[in-house]
Amino acid sequence: MTGSRRLRSDGGAALAVLLAALALAALGPARRAEAQAKPPAPAATLDLTVPGFWDPRRRPERPDLTRIGQIRFLSENDYPPFDFPGPDGNPAGLNVDLARMICEELKVNCTIQARRFDTLIGALGDNRGDAVIASLAPTPALRERVDFSDPYYRSPARFVARRDTMVGEIAPERLEGRKIAVVAGTAHEAYAKTFFTEAEAKPYPNPEAAREALRRGEVDLLFGDGIQLAFWLNGTDSGNCCEFRGGPFTESRYFGEGVGIAVRRGNETLRQALNWALFGLWEKGRFTDLWLRYFPISPF
């Protein structure tokens, strides 16, 4: 399949940790008072930032839902925490939960079928489904084959440091002489070498090697995919060794336009319906609740 994808996260199939926190009123007109949660480990540092791509001043028009009888969602089963088999073998994960919430918002019946990632666009083109919700990042090649909804998240780049590392402000002039682990051949390596020229970018063959270098103290910082790093920090593999430093880097030239839901070319009715539902879920605070359930330590 022609397309773009972030590096896959490692770790267990699902995140069991839920967040108990005040809702974030600033991220939408309406928020629930609290996100239902189990208290996280006392040592964890929580980042309550939630991505928001929706402008309350630009409310989508309500589409003609009478033309949508049901939505057949296609997803995959091996990209935790977004898509994975649940304990009962059925599809689970953030993308799957979001698809179900979209169905509730639109008040239509939906099905969710998990397939191999490389077969999803072909299955959509063969009319085996109506929409692909599988963390697809739009590319020029993909846009020639499918249309996309508005983005509902993006994978920012983030710096991570050991908790005992004395690193102040994350700025090019402040990291002179620092060693930064990056994965070789990625946009993160290119960005670090372009903008953090006073630091030493040390390439590693894969994310696991870069993370281990940080844990062993071979480098001062790690610069990489924020989604993947948040999943690592949230899980047990990190051993609570490290934490995000500085804010997210979201330059689209390096890190993409965000992740949307793919529909067949020209299916404007369904695309507009998905946009309307996504906006409604954000406005009601349900998207925030969903995001914090899977990312107590947010990549943003």
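This one's a predicted model, so the numbers in the text were calculated from it and none came from an experiment. No hydrogens, no waters, no symmetry mates; every other heavy atom, side chains included, goes into these values.
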[X] (side chain) donor-acceptor with [Y] (main chain) under 3.5 angstrom:
{"X": "Asn267", "Y": "Val263", "answer": "no"}
{"X": "Arg264", "Y": "Gly129", "answer": "yes"}
{"X": "Arg67", "Y": "Leu270", "answer": "no"}
{"X": "Thr194", "Y": "Ala190", "answer": "yes"}
{"X": "Thr186", "Y": "Glu189", "answer": "yes"}
{"X": "Asp83", "Y": "Ala134", "answer": "no"}
{"X": "Arg245", "Y": "Arg162", "answer": "yes"}
{"X": "Arg265", "Y": "Arg143", "answer": "yes"}
{"X": "Arg72", "Y": "Asn127", "answer": "yes"}
{"X": "Arg178", "Y": "Glu200", "answer": "no"}

More than 12 heavy atoms of other groups within 6.0 Å of [X] [atom1]:
{"X": "Glu173", "atom1": "CD", "value": "yes"}
{"X": "Asn109", "atom1": "CG", "value": "no"}
{"X": "Lys202", "atom1": "NZ", "value": "yes"}

Can [X] and [Y] be counted as having a side-chain donor-acceptor contact under 3.5 angstrom?
{"X": "Ser135", "Y": "Asn95", "result": "yes"}
{"X": "Asp225", "Y": "Ser155", "result": "yes"}
{"X": "Arg115", "Y": "Asn77", "result": "no"}
{"X": "Asp97", "Y": "Tyr294", "result": "yes"}

Does the ring center of [X] lie less than 6.0 Å from the ring center of [Y]?
{"X": "Phe249", "Y": "Phe223", "answer": "yes"}
{"X": "Phe295", "Y": "Tyr153", "answer": "no"}
{"X": "Trp276", "Y": "Phe279", "answer": "no"}

Please report the closest heavy-atom contact between [X] and [Y], naming both atoms and the distance.
{"X": "Phe73", "Y": "Cys103", "value": "CE1-SG, 3.8 Å"}
{"X": "His188", "Y": "Ala157", "value": "CD2-CB, 3.6 Å"}
{"X": "Ile102", "Y": "Ala277", "value": "CG2-CB, 3.9 Å"}
{"X": "Ala181", "Y": "Ala210", "value": "CB-O, 4.0 Å"}
{"X": "Gly226", "Y": "Phe244", "value": "O-CZ, 3.9 Å"}
{"X": "Thr165", "Y": "Ala161", "value": "CB-CB, 4.3 Å"}

| message | Walk me through whether Thr269 and Asp64 qualify under side-chain contact (heavy atoms from CB on, under 4.5 Å). | response | CA-CA 7 Å; Thr269 298; Asp64 181 7; 5.6 Å; no

| query | Should Arg286 and Glu104 count as an ion pair when the cut-off is N to O under 4.0 Å? | reply | yes

Rounded at 0.5 Å granularity, tell me how far [atom1] in [X] sits from [atom2] in [Y].
{"X": "Glu212", "Y": "Cys241", "atom1": "CD", "atom2": "SG", "result": "9.0 Å"}
{"X": "Arg211", "Y": "Gln228", "atom1": "CZ", "atom2": "CD", "result": "5.0 Å"}
{"X": "Leu120", "Y": "Leu74", "atom1": "CG", "atom2": "CG", "result": "6.0 Å"}
{"X": "Ile170", "Y": "Leu221", "atom1": "CD1", "atom2": "CG", "result": "5.0 Å"}
{"X": "Glu257", "Y": "Ser252", "atom1": "CD", "atom2": "OG", "result": "6.5 Å"}
{"X": "Ile68", "Y": "Cys110", "atom1": "CD1", "atom2": "SG", "result": "9.5 Å"}

Any chain of hydrophobic side-chain contacts (each under 4.5 Å) joining [X] to [Y]?
{"X": "Leu65", "Y": "Ile261", "result": "yes"}
{"X": "Val219", "Y": "Val182", "result": "no"}
{"X": "Leu274", "Y": "Ile112", "result": "yes"}
{"X": "Leu214", "Y": "Phe159", "result": "no"}
{"X": "Val96", "Y": "Trp291", "result": "yes"}

[Y] side chain reached by [X] side chain, heavy atoms, under 4.5 Å:
{"X": "Thr250", "Y": "Arg154", "value": "yes"}
{"X": "Asn90", "Y": "Pro85", "value": "no"}
{"X": "Leu175", "Y": "Ile180", "value": "yes"}
{"X": "Leu98", "Y": "Tyr152", "value": "yes"}
{"X": "Pro299", "Y": "Phe231", "value": "no"}
{"X": "Phe117", "Y": "Ser75", "value": "no"}
{"X": "Pro203", "Y": "Val183", "value": "no"}
{"X": "Phe148", "Y": "Val146", "value": "yes"}

| request: Anything under 30° is parallel, anything over 60° is perpendicular, the rest tilted; go ahead and classify Phe255 against Tyr191. | output: tilted

| message | Using 30° and 60° as the class boundaries, would you call the ring planes of Tyr79 and Phe82 parallel, tilted or perpendicular? | response | parallel

| request: Give the C-alpha distance, both sets of side-chain angles, the deciding distance and a yes or no for salt bridge (Lys or Arg N to Asp or Glu O under 4.0 Å) between Glu251 and Arg253. | output: CA-CA 6 Å; Glu251 283 82 350; Arg253 287 184 303 148; over 6 Å; no

| Going through the checks in order, is the side-chain contact (heavy atoms from CB on, under 4.5 Å) test met by Asn240 and Arg163? | CA-CA 8 Å; Asn240 200 35; Arg163 292 184 180 276; 2.9 Å; yes

